[in-house]
Structure formats: C-alpha cells, structure tokens
Amino acid sequence: MKKITFLFVLSFLLHNLSFAQNTKRDQFVSALMKKMTIDEKIGQLNLLTGEATTGSAVSSDVELKLKAGKVGGIFSLSTPEKIRKAQELALQSRLKIPAIFGMDVIHGYRTMFPIPLGMSATWDMDLIEKSAKMAAQEATADGISWTFSPMVDISRDPRWGRASEGSGEDVFLGSKIAAAMVKGYQGKDLAEKNTMMACVKHFALYGAAEGGRDYNTTDMSRVRMYNEYLPPYKAALDAGAGSIMASFNEIDGIPATANKWLLTDLLRKEWGFKGFVVTDYTGNNEMIDHGMGDIQTVTAKALHAGSDMDMVGEGFLNTLKKSLVEKKVTQAEIDRAVRLVLNAKYELGLFEDPFRYCDENRAKTEIYNSQTRAFSREVASKSFVLLKNKNNILPLKTSQKIAVVGPLINNKENMAGTWSVSEVRTNSITLMEGLRNTLGEKTEILQARGANIYTDPTMDANAAVFGKTTDRDNRSDEEMLFEAVRIAKNADVIVAALGESAEMSGESSSRSQIDIPENQRNLLKALVKTGKPVVLVLFTGRPLVLTWENENVDAILNVWFAGSEAGNAIADALYGKTIPSGKLSMSFPRNEGQIPVYYNHKNTGRPHSGKPGYEKFRSNYLDVANEPLFPFGYGLSYTTFEYGDIKLDKTSMTEGQQIKVSVDVKNTGNYDGEEVVQLYIRDKVGSNTRPVKELKDFKKVLIKKGETKTIDFSISINDLKYYTNELQYIAEKGEFEVMIGGDSDKVKKAGFDLK
Ligand code: BGC
C-alpha cells in the first residue's frame, strides 16, 4: 500500500513537473510567436536539404534563406563545423531562431548496424534500444539532433524494397521494436546532448503498396488498419516520439500528406499526439501528380489536414502567404504548425544553446570507436538467421580448406546495406577480411568472384545507386564460373556468398522476381555439382525465394546486410565463435505467386486440411503449397531445442484474471544457445473472423547445453482484445488456443476459455 501511495505521489509530481515545463515552454513559444511576422512563421515550416538524397529536388540558396529566416530546419548535413556554420547563419535572422538539423540515421550513424529487417530478426529489445542509443550518441556528436527513424511500416510484401527498412510482417513484434527504437534515440530527456528526436515513419500504411511497387496506392479496410497496421505507429508515439512523417501513398483516395482523417482525426484527436508532422521528401509537390490540384491547392490541403513542416519542396514557403490572404488557409492553422515546430526546438534545448550538438571534441572521440564497433559486431551476429544446416556442416572447422566465391566477397561498399547515408564506406569489413581475421594470414583461403550481381550491365547499374559500386567484372559469366569451379574443386567446403547488392532493396528498389539472379544461381548450381559441401552465405535486404537453394545446398546462413563489422561477424558465425539465434520477422515465400504470404492470416470458410497436396474446392493453389518456405519466427541454431507440453495454471479466466502459462525448453544439442520462445494465441470464435494465430509474447533466453529452462508467460484480457468491425476494442468470451514454439509453424497447443 505504501509503495502504491509513493508511486502515486511520484507520478503526480512528475506529471506536474512536466506540466510546469510545458507551461514554461508554451509561454516562451507564445511570446516568440507574438514577435514573428507571417513570413517568419512560414519560414519555420520549411525543411531544406544540405544535399539531394532520395529525390531529384535539391534545395537552392540555402545560406541566403537561412539568414532571411526562411528555413526551419536542414537535413543531410553533418559535422559540428558545418552545422555550426549553418546555425550561425540561422542566428543572423531577425529573431535568431535556431534551425533543427536532421538526418536519416536509420540503422546506425557512422558505426552501421544491420539493416532494420536484420535488426528485427534479433528479437532482442534491449539490443535494439541500445543500438538506437548508440546511433544517437554518434549522430549528436556530429551535430544532428533529429532522425527520420524508426520506420515502422508493416509489410507483408517482400517485393517492396523498403521491407528492408522495417521490422517485417508482425504487428506485435513491430510495435515492441518501434517503442524500443524511440526510447533508444530519445532517452529520458531530449535536451540531453546525446539524445535526439525520433521521427516515426511513414504514416501510414506505406508498407502495403499494391504489387509491392514503391510509392504505389494502398487501400484497406479500417478494421485491418486498426488491427494489423496502425499499432506500431501508435506504440512509437506512446513511447514519446516527438515527430512523425506523412507517407507518400494515398489512403482512402487521399494522399497521406493531405489526409485529414489520418493526420488530425486519428493522430491528434484519437491518439492525442502532441508533436509535429513533417511531409516526406517533396510529399506536398507530389500531390500535383496524384491529381489533387496545383501547388497552392495541395499545400493548403496539407496544412489543413495536419502537415506542419514541408520537406524540400518549398510549397509552404511559396504559397501559404497567398493562401492566407485568399482565405484558403487560416492563421490558426499556420500558428498550429509553427508552434509545434518551435516546441520541438525548445524540447531539444536549441533555444537555450543553439550549438548544443556542435562539440568538436565529442565528434573526435564518440564516433566509430572500438566500443561501437564491438557492439556492432555483436548485433550483427545476433541478426543472422540460419535457414538450413544439413549434417551440421556449420560451424566450419579451421582445418577445412575453404573456397570463398561471390561478387561481394571483397566489396566494402555493400556490407552495411541500404540507407547507410552517414557511413564511411571504406570502414566496413568485408567477408574476406573477416575470414582472414579469423583464420590468420597463414591459412590458405581459395577465392574467386564467380559472377557479377547480374549479367545485364543495366540491371547491375540499377543495383548500385547512391554511388555504391558492385565492382563489375568485365569477364564473361562462363569465364568467372569456370574459375570458381576450378578453385572449388581443391577445397573441402565451398562458401558461396551470393544474393542481392545493398541497393537492390531500400527505397525505390522493388523487384517483381525476388530470387537470386539467374547468373548467380547458375554459379551455385555449378558449385553444387562439384559434390563438395556448399554453404550459402546469403546477402539480402528482403525475403527471397530460395526453393531451389533449400533443396540443393547444405547450409544457408542469411546474413542480410550486417553493418560495419559484417565480415567479422559472418566469420564468427561460420566458425562457431557465435551461435546463430536470429528468427525471421517476415515469411520467405516459395514463389512470388504466394505473395502476400504471412503467418497470421485468416482461416477462410474452406481451409486446406494441412495434409500434403492439392485439395479441390479448398483455398489453395494447384501448383504450390499455401505455407511459405520459411515461416515467420523461424531460424535454426547450431544446437537444438526440444519443447515440452504447455502447462496452464487454469483453463478458464474472467476479466481481471490472468492465466499463467509455462513450457519447458531443453537444449538437446552440443552448444549453449539462445532461443526465442514464441507465444501465439488464436481466438476461436469472434464476432469478426480472427487470424489462425497471432504473436502475443516472446522471450529470448540463453539455454546451456543439456539444460532445461522453464519459460513463463502470463495471459491477460489485454492479449485477447481486438478491434471489431465497429472499431470497438474488446475481448470476446469463448474459446482460445494458446500455442508456443520456436517458430510460428511448429508449436505446442493448449486451450482455455474466457468466461
Ligand atoms: C524517404 C524518407 C526519408 C526522406 C529523407 C524520402 O525519400 O521516403 O524515408 O526520410 O526521403 O531523406
């Protein structure tokens, strides 16, 4: 009781403290706004870029505009020197309002971590939070105080290149990661010198683009949005994210940037979001092509809908004043946006000290050091997913002679993956360097390129945007293949490092066929034909179709794009210094025709029985099974785990009660290893149809060789709630199934009732 009173008093005090601070902030901002002219106000809503990143538009006359108070913020500019210079210009404006400096710090700043899809495969929230914290440490040491991350768009379509930037297909896992990232970036206080403001993106439903084609239309029912797509955005905001980015796509026929239902009714009124909304890159201007009107019309619509800051396109800057005069927007709408942008600057401490993040000494010591690199190596190894390991061919033995083959084995630029804007490309450790570091200089390692990424030079060029080279080799496919087979014949085991280049995923990198390009597959076939064991080390930014590979190679280690220490981490895993423990956050389809394929689908009225083979008049395909090749949650280890039966402390519960669930997991193999124990629930009868299973909890545990651990969960009414057609969030009485396993497919089952 005492503890409760104490907590109550504490939370009361904290609440009032933050209220007092907000009052102080609000007074400050109000006083400042009173002094501002309309031009100065509109200037605050203008976000420019130091350089072109993802669109063709580049900001011009940035210096003059800064001095004239026509810029609220700049992104893609870094180093304390450059940012100090830009800030000095902003401070030459009449009211000396500091600018905010942003950057796409997506998976690390200078020290790169695995691509977000890889990070999500760690299922390790502490690790993910720490990676965001470290990224904030580095970025703020280099002048940046605002990141366009986390990207929390749920995606069930691996054709979409930006699946690489998110946390996969599941709303529960995605929400946990969203919150962990925000906490990592923002810490407890945004004004601390080593924390930065998060920007949740892309609001909303960007990952559901039709056909997996980037920027394409999305269209879905409200009930699906609420249950399956919106929760990660909400989780990030509940964790305190200070800003949110409108997505490029339309929703219900209106682009997100000008969608009032989305940006005001849902975001502000229903969810109570108090931060600001930034458009995506030229998101305003793109509404002209969406067919929403001319630039003045679309920007007025955007402001009215709830967009506050205009990224790059300068539509607000050039038209809002006219729109105000012509009564197309109101003063109150402009003031709302200005206030929210100024609030953010206040929270970041920029009014108190505009040079807060310009500490040259920090830049020298806190960026890319032995500590950050060691952590990156650890995270990388935990992101790897072992998809196959026939006859325990992995880990390799140092006594074996290896042949290493693949287009990227010596390529530093492609190790970190897409959206590594602030990496120093020469920093990354390649696979060959990693193997050298592990095996020492004296061990002979056979190597050959074997193939280009693609045979077609145009495709190769498409796979190398942002200036990242694939080091194209001018020899013919046959020549390269012949050389690779020749050396492979002299080896005990072949390590074939194949797949995608870094820029084959990411923005505007959608693919209609998501396999390993044909020339690389031909190489793999030839290597398999040698009869030597083949380990496929898979570079990829998305789930690929690996049906042939799974049938024909001995082992598949999916290493994504693993960041600065990729090569070292891969070598660690290949030689058993680390034990793979990653689990997929997105299903790997058997072929493209199965897409979208995801674990938490509905049952339909004519479900397939689950027995092998096609069934007439059932929901299935003539030519392929319904199940993906590798399901959500899947990933092997060098050791094995055996699951006992599920134990429940009771088989029925009422609202307010909890059911304690436990399962014994035994490490039955030869290594200590980590396992992600996953708990799924099925609501067997509802007033809406319910998914066949939904992830509701998980625990990542280290289990020693031979050891059995009891893993405990508890289920409460909150785990059983969902949005009905009327968007009521309720749990319905009746039968539930609880499932526990090491992936979404292989599970133990038990049942209980909600009374
Ligand atoms: C992307 C965003 C990114 C922005 C700024 C856009 O093209 O969609 O994710 O934050 O560019 O670089």
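Only heavy atoms go into these numbers, but all of them, side chains included; no hydrogens, no water, no symmetry mates. Just follow the structure's listing: the first ligand is 1, and inside any ligand the first atom is 1.
Look at M151 and you'll find every heavy atom at least 4.0 Å from all atoms of ligand 1.
Listed by number with element, the atoms of ligand 1 under 4.0 Å from a non-hydrogen atom of D280 are 1 (C), 2 (C), 3 (C), 4 (C), 6 (C), 7 (O), 8 (O), 11 (O). Near K201, meaning under 4.0 Å from any of its heavy atoms, are these atoms of ligand 1: 2 (C), 3 (C), 9 (O), 10 (O). Short contacts between ligand 1 and F75, defined as distances under 4.0 Å to a heavy atom of the residue, involve ligand atoms 5 (C), 12 (O). Distances below 4.0 Å separate heavy atoms of F248 from the following atoms of ligand 1: 7 (O), 8 (O).
The proximity of R162 to ligand 1, defined as any non-hydrogen pair under 4.0 Å, is limited to the side chain. With a 4.0 Å cut-off on non-hydrogen atoms, E165 does not touch ligand 1 at all. By the criterion of a heavy-atom distance under 4.0 Å, neither the backbone nor the side chain of Y215 is placed next to ligand 1.
Between D142 and Y109, the side chains place a donor N or O and an acceptor N or O closer than 3.5 Å (distance only, hydrogens not considered). For the residue pair Q296 / S323, a side-chain donor-acceptor distance below 3.5 Å is found, with atom types taken as modelled. T418 and E503 are linked by a side-chain donor-acceptor pair at a separation below 3.5 angstrom, with hydrogens and angles left out of the test.
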Show every donor-acceptor pair shorter than 3.5 Å between a side-chain atom in residues 166-180 and any protein atom, with sequence neighbours excluded, or say none if there are none.
{"residue": "E169", "atom": "OE1", "partner": "S587", "partner atom": "N", "Å": "2.9"}
{"residue": "E169", "atom": "OE1", "partner": "S587", "partner atom": "OG", "Å": "3.0"}
{"residue": "E169", "atom": "OE2", "partner": "S587", "partner atom": "OG", "Å": "3.1"}
{"residue": "E169", "atom": "OE2", "partner": "Y599", "partner atom": "N", "Å": "3.1"}
{"residue": "D170", "atom": "OD1", "partner": "Y599", "partner atom": "OH", "Å": "2.6"}
{"residue": "D170", "atom": "OD2", "partner": "F172", "partner atom": "N", "Å": "3.1"}
{"residue": "D170", "atom": "OD2", "partner": "L173", "partner atom": "N", "Å": "2.9"}
{"residue": "S175", "atom": "OG", "partner": "V171", "partner atom": "O", "Å": "2.6"}

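A ring-ring contact (aromatic ring centres under 6.0 Å, His included) with F203 is found for one member of W271, F248, Y229 and no other, namely W271.
Residue Y281 has no N or O atom closer than 3.5 Å to an N or O atom of ligand 1.
Figure legend: R511 and W160 shown without cation-pi pairing, the cationic atom not lying both under 6.0 angstrom from the six-membered ring centre and within 45 degrees of its axis. Judged by the 6.0 Å distance and 45° axis criteria, R156 is positioned over the aromatic ring of Y598.
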